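For reference, the structure discussed in these notes is given below.
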Amino acid sequence: MKKIKTLHLPSQGRIIVISDIHGELDLFTDLLKKVHFSCEDTLIINGDLCEKGRNSKGVLKFIMDLSKRNENVHITEGNCDTVVEDLLAENPKLMNYIRSRKHSILKEWLDEIGFDMNDGTTVKEVKEILTHHFSEQINWLMELSTVIDTEDYIFVHAGLEDKADWRETDRIAAITMPSFLEKSHGSGKYVIVGHWPVVNYTSDIPSNNPIVDKEKKIISIDGGNVIKSSGQLNAFIIHRAESGDTFSHVHTDHLSTCQVMKNFHSVAMKGSISYPHYKLVPIQSSEHFTLSKQADSEDQLYVKNEYLHQSEDGTFWAKTDLSCAQISVKKGEVVSVVDNTCAGYNLIKKNGKEGWIPKDVLSPMKERTLTHAG
Ligand SMILES: [Mn+2]
C-alpha cells in the first residue's frame, strides 16, 4: 500500500474521528457544532465523504475548504470516494452506475453544469466534461491517503490485513473489507475504522454507537448513516492525556424526537435481524409480535407483525433490518422515533440503542429542527 501518511498527534486535547458522512452535509455540520469543534481539536475524516446521501459535492467542498484553512484536519479515502478513479480510468461500468444511482457526486456535478446524459453518452465524454470543470476536486480526492499512521492509532476506512507488516495490506482491501471487527491485525496500535455499520455486530439490543474492542485493538465507528433507517453519524472522540487516553462519542441523525410520558420496563424481548439473515419461521403469533425462529441461526425473536412478510411460496421473511428488542424508558426522557406507523408500539432509539415501546408511553409527536437531532 503506497498512500500512508505519518502523523504526530498532540499528546493533549481531542482527536475527533468521523467516518461515512456519505453526502449528508447537514448532519456533518450539526455534528461539528454538537461537539463544539474548534481549532484546538484534531479532526480525522475516515473515508466515504461522498455517495449515497443528498449533497456529496457540498460535503466535499466543505471539507476541502476546512482542510485548507486548518492544518489539524486530515482525511483518508473510502471505497465510495474512488468513484473519481473509475471516472479517470474510463471504467465503462460507471455509466450504468450513474444512471441507476439516486445520488452520486458525478450526477450532482453534471447537474451543476447542466449536462444532460442520453443513451449514447460515453464514459469518455463524462470524464472530459467533469475533468474540465472539477479538476481541483477530482485531484484532491485522488490524492487522499489510504491510511493515517500515528504513534498510538491507525486510521483506515475499512481495515488492515493480518500480515507481519500491516503496511503490506492491499489498498483495495483496506478500503473495502467487510466486518473488520470479526478479524484481527498485528499492528499493536488501535485501528479505527468506519465502513461497516456497527449495528451489524450487535446482537442483544441493536446499537449504532461506536464499539471499542480492547482485546483486538479495533475501534469501529460507522453508525450506519444513510445506509440504515435508524442510522446515525457518529463522532468518536479521543481525549488525549498523560494519564492515558479516554474515549467518548456523540451523534446526529435525521430522526424526530419525542418525550417519554410514563415509565416502561421492557420484558425479555431482545435481539435483532440484520441483512442477509431475513428468513424466518413463525412459531406463535400474537396481536403485535410474532415469535419466530431465524432460519440461519435458530435464534428465537419477537418480530413486529408489520415487518413480517410472506412470499408467494409461503416462506416468511423480515422486510428489512430490524430490532426485535424492547427497551426500558423513564418518564421525562427524550428519545428518537424510528417508526411510529405500526399498531400498538413505536420503534425508538435511546442513546443510540433501538427497541420497541408501547405507543401510549410517548407524548404526541411534534416537529423539531435538525439542529437538535440525536
Ligand atoms: Mn465504505
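FYI, the numbering just counts along the sequence from 1. Just follow the structure's listing: the first ligand is 1, and inside any ligand the first atom is 1. Worth saying up front: this structure is predicted, and the values here are computed from it rather than measured.
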Relative to the ring of F289, is the ring of Y345 parallel (under 30°), tilted (30 to 60°) or perpendicular (over 60°)? perpendicular

To the closest 0.5 Å, what do you measure between CD1 (I129) and CG (L110)?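 Going from CD1 on I129 over to CG on L110, the span is 7.0 Å.
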
Less than 4.0 angstrom from a charged side-chain N to a carboxylate O is my criterion; do K107 and D111 meet it?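 No salt bridge links K107 with D111.
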
Given a threshold of 2.8 Å, state how many protein N/O/S atoms are nearer than that to the Mn ion (ligand 1).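 Total protein N/O/S atoms under 2.8 Å from the Mn ion (ligand 1): 4.
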
Derivation and outcome, salt bridge (Lys or Arg N to Asp or Glu O under 4.0 Å), residues D152 and R240: CA-CA 11 Å; D152 304 317; R240 300 276 278 170; 3.0 Å; yes

Stepwise side-chain contact (heavy atoms from CB on, under 4.5 Å) test for I148 and T76: CA-CA 7 Å; I148 295 172; T76 63; 3.6 Å; yes

E354 and side-chain hydrogen bond (donor to acceptor under 3.5 Å, both in side chains): which single residue from S229, S230, S323 fits?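 It is S230; the other options fail the test.
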
